[in-house]
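Written below as structure tokens is the structure these notes are about.
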Protein chains: 2
Amino acid sequence: MTTEEPRRQRLTRAEAKARTRKLLLEAAAQTFARKGYAGSSVEEIAEAAGFSIGALYSNFGNKEELFLELSTTYNADRIAEASEVLLDQDADPVQAVNEVSRLLVDAADKDTDFSLLQAEFWLYAVRNPQVLDQMATRMRTPRAALEQLVGKSLETMPAPAEATPKAVATIVAALFEGLVRQRRIDPDQVPEELFGAALRWLFSGIEVSGREKKVAAPAKRKPAKRPRQG
Amino acid sequence: MTTEEPRRQRLTRAEAKARTRKLLLEAAAQTFARKGYAGSSVEEIAEAAGFSIGALYSNFGNKEELFLELSTTYNADRIAEASEVLLDQDADPVQAVNEVSRLLVDAADKDTDFSLLQAEFWLYAVRNPQVLDQMATRMRTPRAALEQLVGKSLETMPAPAEATPKAVATIVAALFEGLVRQRRIDPDQVPEELFGAALRWLFSGIEVSGREKKVAAPAKRKPAKRPRQG
DNA sequence: GTCTATACGTCGATAGAC
DNA sequence: GTCTATCGACGTATAGAC
């Protein structure tokens with residue numbers, strides 16, 4: 001056994017490095033969240049992962065590349081989870097929005113690093129225009145999922161023309177983000193129910209606005225909907 | 001003239017220092033916004049203000065104290081302006097909310113440092129619990145002003161019991177903050193009208209929710225309102 | 001009250017051993 | 001592929017001249 005050829009002991013060669021990368025990225029997430037990008041040293045990150053500085057530079061070009069790769073993979077992971085949940089809702093679309101918001105609040109409370117990292121990513125992007133485009137692009141997938149969910153809700157009501165899925169999705173996302181942030185400063189001021197209440201009021205308001213204007217010029221709607229299920 | 005006693009040339013002694021402090025704080029705001037707290041050096045700040053490192057340390061204990069004082073004075077200034085505008089509205093409370101949101105969007109677009117600094121303050125506060133309390137305290141004044149404005153709007157409609165001024169003010173603040181942030185990443189996705197639209201829908205939704213429940217148990221209200229004006 | 005010079009530490013990144 | 005040792009640059013904060 002011990003004299004076996006080193007060609008593939010277990011599949012160690014490539015996998016060991018992948019494992020190191022993963023551990024380094026997790027340590028980076030923790031460290032960047034706690035100390036910020038500029039406030040975190042590569043030594044700190046490497047130590048938190050149980051490796052040395054050399055191992056870090058063997059896996060990432062430099063500190064900035066590590067940070068940018070984290071901003072990609074970290075969000076990609078969350079988005080994968082969230083998108084599944086968002087699109088897997090068969091129940092009332094309106095109720096689904098409520099449930100989703102509940103799930104997101106839970107996640108935000110448990111994963112205390114999340115909002116900190118998002119703030120770091122946002123700051124970095126705003127300060128580095130070329131990264132800003134990347135971030136806008138990455139946000140497109142989860143945003144599309146949210147738009148789809150919101151769109152389904154809007155179809156159940158006589159929404160006004162201004163209440164496009166895109167516009168309402170933007171409002172919902174902003175609302176959520178803002179409330180999570182406020183909640184970190186003063187949890188008592190932002191109880192869990194507030195998320196659901198805000199969404200209910202928002203959609204109720206959209207509905208009555210649509211009703212007041214009667215049927216608000218639905219001419220642009222494509223008639224070819226529900227390609228399945230019929 | 002030149003041999004005159006130096007007791008008070010103009011009132012220079014105290015005022016010169018105050019002027020230096022002010023210039024340093026302005027330079028600090030700019031630098032912290034552009035580079036972040038940890039990413040900014042005291043030398044950079046001092047240079048931007050046209051002074052030396054020594055002058056900075058002569059006016060502030062250290063980098064952290066400069067940052068914390070900035071977080072106080074900077075917000076105090078904005079709050080003073082905003083509060084005036086918020087409480088000076090004699091028009092329709094509902095319309096006033098719209099106008100205020102318009103003003104705030106304008107301010108956010110012009111003062112590009114604002115949201116960056118707010119993000120820095122928020123991150124610093126979340127990472128330093130003792131500072132978090134200070135921040136929560138400082139936010140009380142502007143929050144009270146917003147609550148008052150929101151409260152006036154709510155009095156004009158049959159709002160449900162859950163729609164307290166405090167709760168709705170929290171939602172409005174979160175909405176605004178979230179939209180401003182989104183707008184920095186992708187301005188096209190967050191047009192100016194979206195702020196007003198979101199607020200109209202929100203308040204419309206609150207109104208119909210209150211109407212559906214008829215008069216929603218206003219038992220908790222203290223009868224001793226309007227101590228003046230009667 | 002402000003400036004110049006400097007002490008002292010830390011950080012990012014590299015080179016070479018294993 | 002990872003670790004240890006180290007270099008050069010930069011950062012905070014202080015001391016003393018003016």
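Letters A, B, ... are given to chains in the order of the sequence lines, protein chains preceding strands, and every chain is numbered from 1.
- A donor-acceptor contact closer than 3.5 angstrom links the side chains of A:Thr170 and A:Arg143.
- Both tests do not hold together for B:Arg127 against B:Tyr124: distance to the six-membered ring centre under 6.0 Å, angle to the ring axis within 45°.
- Using a 4.5 Å heavy-atom threshold, the side chains of B:Ser52 and B:Tyr57 count as separate.
- B:Leu66 has its CG atom 11 Å from the P atom of D:dT12, to the nearest Å.
- The distance from atom CG of B:Asn62 to atom C1' of D:dA13 is 9 Å, rounded to the nearest whole Å.
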Walk along nucleotides 2-9 of chain D from 5' to 3' and tag each nucleotide B, S or - by protein heavy-atom contact under 4.0 Å, base first, then sugar-phosphate.
BBB-----
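- Here the C1' atom of nucleotide C:dT4 and the OH atom of B:Tyr57 are 15 Å apart, to the nearest Å.
- When the C1' atom of C:dC11 is taken as reference, atom CD of A:Glu64 falls 16 Å away, rounded to whole Å.
- Annotation: cation-pi geometry satisfied between B:Arg78 and B:Tyr74 (NZ/CZ under 6.0 angstrom from ring centroid, within 45° of ring axis).
- With hydrogens and angles ignored, the 3.5 Å screen pairs a side-chain donor or acceptor of A:Ser40 with a backbone N or O of A:Thr31.
- Protein atom CD of B:Glu43 is 15 Å distant from nucleotide atom P of C:dT6, rounded to whole Å.
- Atom CD in B:Glu44 sits roughly 17 Å away from atom C1' in D:dA13 (whole-Å rounding).
- The distance between atom OH of B:Tyr37 and atom P of D:dG11, rounded to the nearest whole Å, is 14 Å.
- For B:Asp111 (side chain) and B:Ala107 (main-chain N/O), no donor-acceptor pair under 3.5 Å exists by modelled atom type.
- As rounded to whole Å, 14 Å separates atom C1' of C:dG9 from atom NZ of B:Lys63.
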